[in-house]
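Below: one structure, written as structure tokens.
Just so you know, these numbers use all the heavy atoms, side chains as well, and skip hydrogens, waters and symmetry mates.
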Amino acid sequence: MILAENHSPSNMVRETVQMSRLTNGEAENSLHKQSDQNPRQGRNGRCRNLGSNGTSSQPCYDENGGEVNRLGISTRDASDNLNANMQPDVIHKKARQQKEMTFQDMYNNQDLFDDEDDDSDWEPAQERVEIKKWFCTNCTMVNHDDIIHCDICGEHKESGILRHGFFASPFSQDVGSAEAESEIKERHRDLGCPISTLNSSTAVGFDERMLLHSEVEMKSHPHPERPDRLRAISASLATAGIFPGRCYPISAREITQGELEKVHSLEHIEAVELTSHLLSSYFTPDTYANEHSACAARLAAGLCADLAKAIFSGRAKNGFALVRPPGHHAGVRQAMGFCLHNNAAVAALAAQGAGAKKVLIVDWDVHHGNGTQEIFDQNKSVLYISLHRHEGGKFYPGTGAAHEVGTMGAEGYCVNIPWSRGGVGDNDYVFAFQQVVLPIASEFAPDLTIISAGFDAARGDPLGCCDVTPAGYAQMTQMLTALSGGKLLVILEGGYNLRSISSSATAVIKVLLGESPECGLDILPSKAGVQTVLEVLQIQMNFWPTLGPRFLDLQSQWGTYCLKNKKKHIKKRRLAVAPLWWKWGRKSLLYHLLNGRLHVNQRGGD
């Protein structure tokens, strides 16, 4: 269903538009797990669950035992107000009635003789104090107005991340002067090989109209999938002189309905188009749309399709699709998880339409791309490999277990690498690439490689809670350039910490431009990471026999990995320090105490 909200100056009307075969998906992480069935607590006390019409289905009671009606007025208060407003003749009549009563009547109506006012529930009027708060531009988390650095990520209240991207200091205010802006750009300008736009082999797809897709009415805090995501990445690329500069843009166009029908059902396409006639609407509690969203989704899909065709045909060596809304949760019939149209699926089929026989999609978004898997579940010409948090199905969207391998003759063409916990970092990802992704992809031999590049597994992301660094993303990109003759398309998916996504995207694009990752990683996977890889190898070697020797070799080294990890964790505990941003916030005392104590322990340990 699409919940539509039509706003006008005089009123606000809510209407529900029933759409056939449009499902309500869940929502990502804690943002999507709120339920309207939780008990509500008002200012006067606790109430029972709300009814279907939004009113209380059972009586509520205030703190003094009085029943509260549906308008929130206590029956005790209503009675007091009634007595206070009685006319004098009514009071006189009441007194005369008391005189005419018998002793039995008086005994049965003792309350009539209680003339003293009950002031047990009287409280002095309290002035309402409004607590001022601000939302962090970088991570959207709420903070009190009396602090200037975000308690969660340490970003300054008025940082310049939207003007200079991740190159802006997180600890100082953006002064906004022309001299300061020029100094930042000069200091961080990319010093790689100078490549003119005309001779560049890396194309970038971007259109400012995609910034118009936004949530109309903010709820408890800003929606994580917001226009600032593209602004931060484009600001970083501009500051570094990469785009515009070393990459060239491709012309934007809106995808056609005929192209979309190769991926989505007609009902789904029409449902998305319907939102252009509504000021605000929702496909699921977390998947919003406004009057510009359908156009933004068509532009995103059109850019991805054109980039795929340009790269496969050789007009561009590789490319980066700087697009939104994201797409890998969008399935054949449903929009969900912030996604409207599946951009990666559209790009894969566009490449096949241009002559590509086999396409590889590697999805490193922290959430499983359930939509992409559904679309190609029975297709042997598209190999889908996903690395994601799964935790036994408890992490959104709950799909993507290792045993989900494809159906109807396409078994083995869906490869899921489901992490069993959060906090997964560079070592586990690169290890999985070495042991699973590259061996299977090399045997598949794709004509084009597409990366569904969500950066929500990056360090600092509020939804993903993992630990992949820009160097880790650069390393994985470098490894994939060895496939399909370097024909590689990177499509932006998720990622909600602006500093993390902008630095990670910049590192990936530098690899596309021919630069090597800054430094090699010392690969030592975690125990949980090795367990996941072993599970995947054991399943997939039934379809890719070359994985058999790897599984046996890794199984024999299991004890060695466990011993190395034990030593590594001991060393980490000795070197642990408090986060740097605690030094300037309300935790400054804890920062100095913790760092000082650990420093003493470290000297003593040596």
Side-chain angles (χ1 to χ4, degrees), residues 27-34 131-174 214-215 218-233 235-236 286 338 365-367 389 391 395-396 421-426 454-470 472-473 494-505 572 576-595 598:
E28 296 189 5
N29 301 337
S30 61
L31 178 70
H32 318 305
K33 294 185 179 178
Q34 300 172 353
I131 300 176
K132 294 183 178 180
K133 298 179 180 180
W134 58 276
F135 296 101
C136 177
T137 304
N138 182 49
C139 69
T140 75
M141 294 299 134
V142 64
N143 296 274
H144 290 290
D145 196 53
D146 59 344
I147 63 173
I148 61 173
H149 289 95
C150 176
D151 266 343
I152 303 299
C153 69
E155 192 78 16
H156 192 279
K157 182 179 181 180
E158 299 178 13
S159 79
I161 192 168
L162 295 181
R163 285 165 53 85
H164 309 296
F166 74 97
F167 295 109
S169 171
F171 307 120
S172 60
Q173 179 181 357
D174 179 30
S214 62
E215 190 172 40
M218 188 183 77
K219 296 182 179 179
S220 59
H221 68 280
H223 197 287
E225 205 296 285
R226 56 206 190 278
D228 285 349
R229 299 173 62 240
L230 294 194
R231 292 191 181 104
I233 296 176
S236 299
D286 71 308
F338 313 162
D365 189 284
V366 78
H367 303 96
R389 277 184 68 178
E391 299 174 28
F395 196 77
Y396 182 86
R421 60 179 180 82
V424 183
D426 296 346
F455 295 111
D456 42 6
R459 178 178 295 171
D461 190 272
L463 297 187
C465 300
C466 284
D467 199 37
V468 182
T469 67
Y473 285 118
Y496 311 102
N497 179 302
L498 301 189
R499 192 165 290 277
S500 299
I501 63 173
S502 57
S503 57
S504 299
K572 269 191 172 181
V577 292
L580 181 61
W581 55 83
W582 285 12
K583 187 175 182 180
W584 294 277
R586 291 184 295 179
K587 301 178 182 178
S588 58
L589 179 60
L590 181 60
Y591 171 86
H592 292 293
L593 288 175
L594 184 59
N595 278 14
L598 289 173

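Proximity of I501 to R229: side-chain heavy atoms (C-beta onward) are separated by under 4.5 Å at one or more points. Looking at I161 and R499, their side chains come closer than 4.5 Å, going by heavy atoms from C-beta outward. The shortest distance between side-chain heavy atoms of L162 and D228 falls below 4.5 Å. The shortest side-chain heavy-atom distance between D467 and D426 does not fall under the 4.5 Å cut-off. When side chains are defined from C-beta on, P462 does not count as touching P224, because their heavy atoms never get closer than 4.5 Å.
For the residue pair D461 and S500, no side-chain donor N or O sits within less than 3.5 Å of a side-chain acceptor on the partner.
Distance alone, capped at 3.5 Å, is enough to place a donor-acceptor pair between the N143 side chain and the D151 backbone. Using modelled atom types, one side-chain atom of N497 and one backbone atom of G460 make a donor-acceptor pair closer than 3.5 Å. Panel note: side chain Y496, backbone T140; no donor-acceptor pair is recorded below 3.5 Å. Of the possible polar contacts, none joining the R226 side chain to the E215 backbone as a donor-acceptor pair under 3.5 Å is found. When atom types are taken as modelled, the side chain of H223 and the backbone of S214 share no donor-acceptor pair closer than 3.5 angstrom. Judged purely by atom type and a 3.5 angstrom limit, H144 has no side-chain atom pairing as donor or acceptor with the backbone of I131. Judged purely by atom type and a 3.5 angstrom limit, R389 uses its side chain to pair as donor or acceptor with the backbone of G464.
For the atom pair W134 CH2 and M141 CE, the distance stands at 12.0 Å (nearest 0.5 Å). Interatomic distance, L230 CG to S502 OG, rounded to the nearest 0.5 Å: 11.5 Å. Distance check: S159 OG to H164 NE2 gives 10.0 Å after rounding to the nearest 0.5 Å. Rounded to the nearest 0.5 Å, atoms CZ (R459) and SG (C153) are 14.5 Å apart. The line from NZ of K157 to CG of D145 is 3.5 Å long, rounded to the nearest 0.5 Å. The NE2 atom of H156 sits 13.5 Å away from the CG atom of N138 when rounded to the nearest 0.5 Å.
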